[in-house]
Amino acid sequence: MALLLKNAHIVDPSVNLDGVADVAIVDGRIEAVGENLTLDGAEVIDLTGKYLVPGLVDMHVHLRDPGLEHKEDIESGTRAAARGGFTGVCSMPNTKPVTDNGVTIEYVKSVAASCGHCRVYPSGAITKGLKGEIISEMGDMVAHGCVAFTDDGHGVQGAGMLRRAMDYGKMFGKVFMSHCQDEDLVGEGQVNEGVVSTRLGLLGWPAEGEELQIQRDIMIARLTGAKLHIQHISTARGLDMVRAAKAEGLPVTCEATPHHMFLTEDDITETYDTNLKVNPPLRTADDAAAIRAGVADGTVDAIVTDHAPHADWEKSREFELAPFGMIGLETSLALVNTHLVKTGQISYQRMVELMAIAPRQILGVDQVKIEVGSVADITVFDPEVRWTVGEDGFESRSQNSGFKGAEVCGRATDVFVGGVPTLRDGVVC
């Protein structure tokens, strides 16, 4: 297959590209980049007014498959990813059965290869069954394609257990992604502990319940030399801890979600909207501002969604009974464009670093560049189109977005994975 993408505004800071040019694709790789290109026999696609960037990667996604397909499956989750402009996602291991061995890694990979709409990079559990008791089959999982280790959804509660896992697992060169939640302190907490939890009569979840484990895990990373990535960071003090670790030269990175940047505890009202119940919880306006500042100054390495689909009936319960999490794959690009790029807080170059370059670096997967010879994983988006979240439904099997009704700007129009279109003119292929 040969494609000629014409007149796009190309942004790729890894090769110092920021301007209008053409991209020729042959047999899944970039054949040429430049002005006024021609390519015999190629399908020509005019991208005037649109931006073309290295394919976006979301390194924190719950595909729910195997075992929880009533919420999402690999086909529907990757369909949502393609609609959102992503060429790859890293799947989390809290499935049923837990992704803690090579067989389950192979299952995820094979299903993604047969019916997926983007690349799927599976992560594996740190401990068997996410129970925090026995180290998982790390070597087996790596041999079958696991890209990272995490007990996401729980976090490893025992410091000694995490130390042993890091000491053992660092031989594989993979990053340990940490869900920081001290369960003994958090308890049955539902929302951020403070004014809002008091006003609504909901059990509070103190910021310290996250920050204690951020500091602990940084110290264990220092002790073991393992690579550490802090997931969905949500507090200003937690971010300061990561900033200090980076200054010390430790192999520590972190990620932030759109909902922790653009929503706060104040958005949870007497309607008790369970779509706003997330883990970690929405924090204060000051925390959200600090996370946005960390995105701008480089402390935050990656923007992720923590895409967490749930069936309508699961979310349509009392707040304390509803599960934590919201979907995000189809809104992330638009929210970042609307609230960070269009407001001048970051540039498109920085957006590409956060959503394409750094996720691949942290996961240790092959980098993609808009240059000759690179695999043609490409995201194209219209930066000016305006739309309303939820108005035309979702590709995800679930609908639990905390941004429903929001007016946003920017949307993916075309996505190519290995030169093969997975989104054309806004329609998933």
Side-chain angles (χ1 to χ4, degrees), residues 11-14 53-63 81 84-92 118-123 147-150 152 174-180 210 214 217-218 221 227-235 238-239 241-243 245-246 250-262 278 280 288 290-308 328-329 331-337 339-341 345-369 377 379 381 412:
V11 176
D12 184 354
S14 69
V53 301
L56 306 184
V57 170
D58 187 340
M59 59 180 293
H60 191 151
V61 170
H62 297 271
L63 294 178
F86 292 96
T87 61
V89 298
C90 179
S91 61
M92 294 297 103
C118 71
R119 301 185 192 277
V120 175
Y121 308 107
S123 67
V147 299
F149 304 122
T150 178
D152 184 52
K174 304 300 180 184
V175 66
F176 285 79
M177 304 196 297
S178 182
H179 175 114
C180 293
E210 179 179 349
I214 291 175
D217 291 359
I218 288 172
K227 291 184 288 188
L228 173 67
H229 178 76
I230 304 298
Q231 295 179 300
H232 42 48
I233 199 162
S234 71
T235 80
L239 193 64
M241 294 171 187
V242 171
R243 189 176 284 116
K246 288 173 176 280
L250 297 178
V252 176
T253 55
C254 72
E255 65 187 36
T257 71
H259 51 270
H260 288 119
M261 290 188 283
F262 311 133
V278 290
I291 300 302
R292 295 194 300 271
V295 166
D297 69 22
T299 305
V300 174
D301 299 274
I303 292 175
V304 306
T305 64
D306 191 9
H307 177 81
L329 283 167
T331 54
S332 180
L333 174 58
L335 291 165
V336 170
N337 186 58
H339 296 294
L340 294 180
V341 179
Q345 294 179 65
I346 67 171
S347 64
Y348 281 122
Q349 289 89 341
R350 177 68 180 138
M351 187 191 83
V352 172
E353 291 172 351
L354 289 157
M355 299 181 74
I357 297 173
R360 289 185 174 90
Q361 290 175 335
I362 295 167
L363 295 175
V365 301
D366 291 340
Q367 201 60 252
V368 170
K369 300 179 181 181
D377 285 7
T379 298
F381 64 94

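Small disclaimer: the values here were computed from a predicted structure and weren't measured.
Under the 4.5 Å side-chain criterion, counting only non-hydrogen atoms from C-beta, V89 is not in contact with H307. Residues D217 and C180 have side chains in contact (heavy-atom distance under 4.5 Å, counting atoms from C-beta outward). At a threshold of 4.5 Å between non-hydrogen side-chain atoms, the residues I303 and M261 count as touching. At least one side-chain heavy atom of V278 sits less than 4.5 Å from a side-chain heavy atom of H259. Residues R360 and D377 are in side-chain contact: their nearest non-hydrogen atoms beyond the backbone lie under 4.5 Å apart. By the 4.5 Å heavy-atom criterion applied to side chains, L354 and I346 are counted as neighbours. Between M92 and H62, some side-chain heavy-atom pair lies under the 4.5 Å cut-off.
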L329 vs V61, test: side-chain contact (heavy atoms from CB on, under 4.5 Å). Steps then yes/no. CA-CA 8 Å; L329 283 167; V61 170; 3.8 Å; yes
Determine whether I218 and M241 satisfy the following criterion, side-chain contact (heavy atoms from CB on, under 4.5 Å), listing intermediate values before the conclusion. CA-CA 8 Å; I218 288 172; M241 294 171 187; 4.1 Å; yes
Please evaluate residues K369 and D12 with respect to the criterion salt bridge (charged side-chain N to carboxylate O under 4.0 Å, His left out), reporting the C-alpha separation (whole Å), side-chain torsions for both, the decisive distance (0.1 Å), and the verdict. CA-CA 7 Å; K369 300 179 181 181; D12 184 354; over 6 Å; no
(request) Start with the C-alpha distance between D301 and K246, add both sets of side-chain angles, then the distance that settles salt bridge (charged side-chain N to carboxylate O under 4.0 Å, His left out), and finish with yes or no. (result) CA-CA 11 Å; D301 299 274; K246 288 173 176 280; 2.8 Å; yes
Pair R119-V57, side-chain contact (heavy atoms from CB on, under 4.5 Å): steps then yes or no
CA-CA 9 Å; R119 301 185 192 277; V57 170; over 6 Å; no
Q. Please walk me through it: do S347 and V341 pass side-chain contact (heavy atoms from CB on, under 4.5 Å)?
A. CA-CA 6 Å; S347 64; V341 179; over 6 Å; no
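With values rounded to the nearest 0.5 angstrom, I230 atom CD1 is found 9.0 Å from E210 atom CD. For the atom pair CE of M177 and SG of C254, the computed distance is 13.5 Å after rounding to the nearest 0.5 Å. Within the model, atoms CD1 of I233 and OG1 of T257 stand 11.0 Å from one another, a figure rounded to the nearest 0.5 Å. Note that the CD1 atom of I214 and the OG1 atom of T235 stand 5.5 Å from one another [nearest 0.5 Å]. Between the CG atom in L363 and the NZ atom in K174 there is a gap of 9.0 Å [rounded to 0.5 Å]. A distance of 10.0 Å separates CD1 in I357 from CZ in R350, rounded to the nearest 0.5 Å.
Looking at every heavy atom in both residues, L239 comes nearest to A290 through CD2-O, 3.3 Å. Of all heavy-atom pairs between G88 and C118, the closest is N-CB, 4.0 Å. The shortest heavy-atom contact between M59 and P359 is SD-CA, 3.8 Å. Closest non-hydrogen pair, V120 versus P122, comes out as O-CD, 3.4 Å. The two atoms that bring A356 and P54 nearest to each other are CB-O, 3.7 Å, heavy atoms only.
In this model, a donor atom of one side chain and an acceptor atom of the other lie less than 3.5 Å apart for T305 and D58. A side-chain donor-acceptor contact under 3.5 Å links T150 and Q231. Side-chain contact, H260 with S234: no donor N or O sits under 3.5 Å from an acceptor N or O. Side-chain contact annotation: D152 with H60, donor-acceptor N/O pair under 3.5 Å present.
In this view, F86 satisfies the ring pair (Phe, Tyr, Trp, His ring centres under 6.0 Å) rule with no residue, not counting sequence neighbours. Every residue meeting the ring pair (Phe, Tyr, Trp, His ring centres under 6.0 Å) condition with H179, not counting sequence neighbours, appears here in chain and number order: H232. By the ring pair (Phe, Tyr, Trp, His ring centres under 6.0 Å) test, F381 pairs with Y51, Y348, sequence neighbours left out. Applying the side-chain contact (heavy atoms from CB on, under 4.5 Å) rule to Q345 yields the partners R292, L340, T343; only residues at least two apart in sequence or on another chain are considered. Residues meeting the side-chain contact (heavy atoms from CB on, under 4.5 Å) test with T379, sequence neighbours left out: V53, L56, T87. With sequence neighbours excluded, the residues that form a ring pair (Phe, Tyr, Trp, His ring centres under 6.0 Å) with F262 are H339.
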